[in-house]
Amino acid sequence: MKERFRISDTDKKLLSVYFTAGFPQRDDTVHIISELEKSGVDFIEIGLPFSDPLADGPVIQHSSSVAIRNGMSAKLLFAQLSRIRESVKIPLVIMGYFNSILQYGVGEFLEKCAEVGIDALIVPDLPLEIYVSDYEQLFAKFGIGMVFLVTPQTSEDRIRQIDATSNAFIYLVSSAALTGNKSDFGKNHEDYFMRVSNMALHNQLVTGFGIHDKATFDSATKFTSGAIVGSAFIRHLEKFGARSISDFVRQFH
Amino acid sequence: MKYEVDKNGFYGDFGGAFVPEMLYPNLAQLRDNYRRICETDDFQKQFRDLLRDYAGRPTPLYRASRLSEKYGANIYLKREDLCHTGAHKINNTIGQILLAKHLGKSRIIAETGAGQHGVATATVCALANLECIVYMGEIDMKRQEPNVARMKMLGAEVRPAKSGSKTLKDATNEAIHDWISNPEDTYYLIGSVVGPHPYPDLVTRFQSVISEEITRQLSEKENRAHPDFVLACVGGGSNAAGAFYHFLDEPGVRLIAVEAGGHGVDSGESAATSVLGKPGIIHGSKTLLMQTDDGQITEPYSISAGLDYPGIGPLHAHLFASGRAEFVSATDDEAMEAGRELCQLEGIIPAIESAHALAALKKIKFDKEDVVVVCLSGRGDKDLGTYIDYFNL
């Protein structure tokens with residue numbers, strides 16, 4: 001699984017883009033994924049919208065409520081993705097909150113992920129301990145990877161535990177903030193990226209939260225394998241719709 | 001005890017700490033230290049002294065003779081409405097502010113629905129000289145205006161929650177967002193028995209002074225430590241948790257949890273979570289939750305801002321699932337009538353939240369000898385506008 005998220009060119013940084021399924025229009029999902037792949041994105045996070053997203057800032061909160069109003073649901077998302085692997089090759093990750101998965105049925109959700117070709121999940125509010133005790137075997141059974149978050153406050157011991165359990169990559173949260181923060185990264189951030197990077201973990205590190213332009217992308221990836229752009233892309237979709245995706249992606253190359 | 005939280009923070013199937021990693025260090029610090037800190041003699045002395053000298057405890061257990069006559073039972077009111085700041089909420093905020101000081105935190109955040117917890121938090125922050133920020137749904141700020149003014153007088157900043165239904169659920173989301181963004185100096189002072197472990201247990205322990213006093217007071221008045229019934233309203237459920245706590249392992253005591261029926265449980269405008277909810281995750285806790293089939297949290301409705309919450313505390317979900325407590329609901333109309341009845345029979349204006357508990361008196365068949373305790377969790381001053389509009393006074 002970890003290999004799926006590595007790229008052969010070690011000098012190149014991974015670029016990942018997040019979007020909320022069902023936003024701006026209900027049926028944009030496949031189009032957005034295809035355009036992102038064509039534009040050279042290395043892997044994609046598909047956001048399953050939730051009414052009360054605890055880790056997300058106003059931009060993703062807004063896109064989530066629009067998507068829910070548009071009728072997006074896990075069931076609809078899986079239907080939209082049913083033939084995605086006929087055309088799209090890059091890794092696909094679903095990011096969602098645990099209640100959506102719980103209501104679908106965790107086993108059923110994972111089975112469906114495997115069926116449509118999802119590689120891994122990011123579930124910010126499914127804690128490591130409960131994942132290990134209740135769900136790790138189920139994820140393994142369906143061959144779905146799990147991505148855990150590390151923050152500036154995460155202790156070294158806990159980072160080691162997270163590294164031992166993660167099997168896709170580690171999501172390095174850039175700062176103590178929600179998604180969509182627009183401030184730049186300073187020395188504190190880079191020290192933190194470097195500190196975790198120096199731990200020589202088994203999983204590669206991908207930075208997320210607050211990456212909104214080339215400068216923040218470069219700074220975020222100086223010590224890590226790549227970075228994830230989320231809210232900035234949602235803002236772009238809000239403004240331009242699902243068109244001109246390649247223009248947006250180009251700024252990060 | 002059968003109904004204590006287990007080492008992983010669960011009550012049966014409910015509870016836990018389903019939170020993003022950003023909150024893990026703060027919750028772990030709290031989880032690993034709260035019992036140790038709260039059980040020290042020093043902490044207990046400070047807590048007990050403040051409850052007595054500052055909050056005005058013990059609150060009276062008052063035998064309501066006209067109400068008793070009307071319903072054919074010995075009805076006692078546990079007068080939490082006489083606490084400083086007008087509700088039971090101060091019991092918890094005194095405990096948590098002492099804890100926050102022990103943990104060295106300098107900035108306090110809270111959520112509030114009816115504003116009672118916000119006022120109680122602003123009060124203890126003034127007392128402890130700590131910065132205080134209270135998140136409150138924009139709609140609740142309008143319907144509970146006097147409490148907004150009180151918080152401001154006490155030096156707190158009240159920040160409107162403008163997302164979703166603009167009520168308690170959204171205020172709680174905003175408070176959690178604030179905590180994620182300020183992980184070092186900030187203590188989140190939760191007002192009910194909700195949220196991630198250890199909050200439900202922490203708040204239950206601080207509120208358990210209510211049933212501790214009931215036990216003692218009943219022994220004096222009725223020569224028995226246990227009532228036949230305890231009635232309390234449940235939004236998140238902190239006054240109910242406190243009023244039930246010392247009777248949880250006494251199966252002879254019938255525990256009645258009263259939820260807000262709104263316009264009627266089947267009307268689509270209700271907050272009766274035990275009827276309308278199913279297991280899910282809200283605000284970091286696995287509990288009964290009002291939600292769509294897809295797991296989107298739905299907007300509850302009640303005339304009472306303090307009961308307008310789509311979940312219940314995980315302890316209550318467990319009491320419901322195990323059958324230990326009986327859950328009933330009272331509609332807006334039933335609660336408003338019960339509120340007016342208490343004014344006219346006993347000369348006490350109850351909070352609309354507490355009026356829901358009173359409304360349940362009509363729904364239970366009592367024997368004449370039954371000893372019934374109703375937790376009168378708060379006073380109705382904050383609700384005068386709503387009462388006046390409702391009754392066209």
Side-chain angles (χ1 to χ4, degrees), chain A residues 48-58 61-62 64-65 67-69 71-77 96-105 109 122-131 133-134 148-155 158-159 162 170-173 175-179 181 209, chain B residues 7-10 13 15-29 31 161-165 169-186 195-197 278-287 289-299 310-311:
Chain A
L48 178 60
F50 179 52
S51 55
D52 296 76
L54 289 188
D56 286 305
Q61 284 177 43
H62 170 70
S64 299
S65 30
I68 293 165
R69 268 204 306 278
M72 184 45 65
S73 66
K75 204 174 153 196
L76 178 61
L77 178 61
Y97 286 82
F98 191 45
N99 198 46
S100 311
I101 300 171
L102 205 57
Q103 300 313 317
Y104 196 92
F109 192 91
I122 304 173
V123 190
D125 60 343
L126 176 57
L128 182 70
E129 293 73 16
I130 293 188
Y131 169 79
S133 67
D134 297 358
F148 287 98
L149 274 51
V150 160
T151 81
Q153 280 73 37
T154 310
S155 69
R158 193 165 167 85
I159 294 176
I162 286 170
I170 284 176
Y171 193 132
L172 194 67
V173 176
S175 49
L178 304 170
T179 56
N181 195 330
F209 285 43
Chain B
K7 67 176 174 27
N8 297 318
F10 281 84
D13 292 334
F18 294 84
V19 293
E21 188 62 30
M22 299 77 147
L23 292 178
Y24 182 85
N26 269 325
L27 283 171
Q29 182 193 34
R31 182 195 67 204
K162 296 178 177 179
S163 59
S165 54
K169 165 178 85 85
D170 312 288
T172 309
N173 286 340
E174 294 300 312
I176 293 173
H177 288 156
D178 181 311
W179 207 22
I180 287 176
S181 307
N182 297 283
E184 309 279 357
D185 61 347
T186 298
H197 178 63
K278 51 187 198 272
I281 289 162
I282 182 170
H283 299 141
S285 179
K286 189 171 181 189
T287 187
L289 167 62
M290 292 168 57
Q291 56 186 317
T292 65
D293 290 342
D294 298 330
Q296 310 296 356
I297 299 172
T298 52
E299 312 294 359

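Every chain is numbered from 1 and lettered A, B, ... according to where its sequence line falls, protein lines coming before strand lines.
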For [X], which atoms come within 4.5 Å of any heavy atom of chain A: side chain, backbone, both, or neither?
X: B:Ala17; result: backbone
X: B:Leu289; result: side chain
X: B:Pro279; result: backbone

query: When you look at NZ of B:Lys162, are more than 12 heavy atoms from neighbouring residues, nucleotides or ligands closer to it than 6.0 Å?
result: no
With a 4.5 angstrom heavy-atom cut-off, could you sort out which part of [X] is near chain B: side chain, backbone, both or neither?
X: A:Ser65; result: neither
X: A:Tyr131; result: neither
X: A:Pro49; result: backbone
X: A:Phe50; result: both
X: A:Asp56; result: backbone
X: A:Leu102; result: side chain
X: A:Leu149; result: both
X: A:Leu128; result: neither

Donor-acceptor contacts, no H, no angles, side chain residues 170-177 of chain B, under 3.5 Å, sequence neighbours left out:
unit_1: B:Asp170; atom_1: OD2; unit_2: B:Ser165; atom_2: N; d: 3.1
unit_1: B:Asp170; atom_1: OD2; unit_2: B:Ser165; atom_2: OG; d: 2.8
unit_1: B:Asp170; atom_1: OD2; unit_2: B:Lys166; atom_2: N; d: 2.9
unit_1: B:Asp170; atom_1: OD2; unit_2: B:Thr167; atom_2: N; d: 3.1
unit_1: B:Thr172; atom_1: OG1; unit_2: B:Leu168; atom_2: O; d: 2.8
unit_1: B:Asn173; atom_1: OD1; unit_2: B:His283; atom_2: NE2; d: 2.9
unit_1: B:Asn173; atom_1: ND2; unit_2: A:Asp52; atom_2: OD2; d: 2.7
unit_1: B:His177; atom_1: ND1; unit_2: B:Asn173; atom_2: O; d: 3.4
unit_1: B:His177; atom_1: NE2; unit_2: A:Pro53; atom_2: O; d: 3.2
unit_1: B:His177; atom_1: NE2; unit_2: A:Leu54; atom_2: O; d: 3.1

task: Please test B:Asp293 against A:Gln103 for side chain to side chain donor-acceptor pair (under 3.5 Å), starting from the C-alpha separation and ending with a verdict.
output: CA-CA 7 Å; B:Asp293 290 342; A:Gln103 300 313 317; over 6 Å; no
message: If you define the side chain from C-beta out and look only at heavy atoms, does anything of A:Phe98 sit under 4.5 Å from B:Lys286?
response: no
Closest non-hydrogen atom pair between [X] and [Y], with its separation:
X: A:Ala55; Y: B:Pro20; value: CB-CG, 4.1 Å
X: B:Tyr24; Y: A:Arg158; value: CZ-NH1, 3.1 Å
X: B:Ser181; Y: A:Ala177; value: OG-CA, 3.9 Å

message: Test your reading of the model: is there a side-chain donor-acceptor pair from A:Ser73 to the backbone of B:Asp294, 3.5 Å cut-off?
response: no
task: Examine the side chains of A:Gln153 and B:Glu184 and answer whether a donor and an acceptor come within less than 3.5 Å of each other.
output: yes
query: Rounded to the nearest 0.5 Å, how far apart are CD of B:Glu21 and CD1 of A:Ile170?
result: 10.5 Å
message: Rounded at 0.5 Å granularity, tell me how far CD in B:Gln296 sits from OG in A:Ser100.
response: 5.5 Å
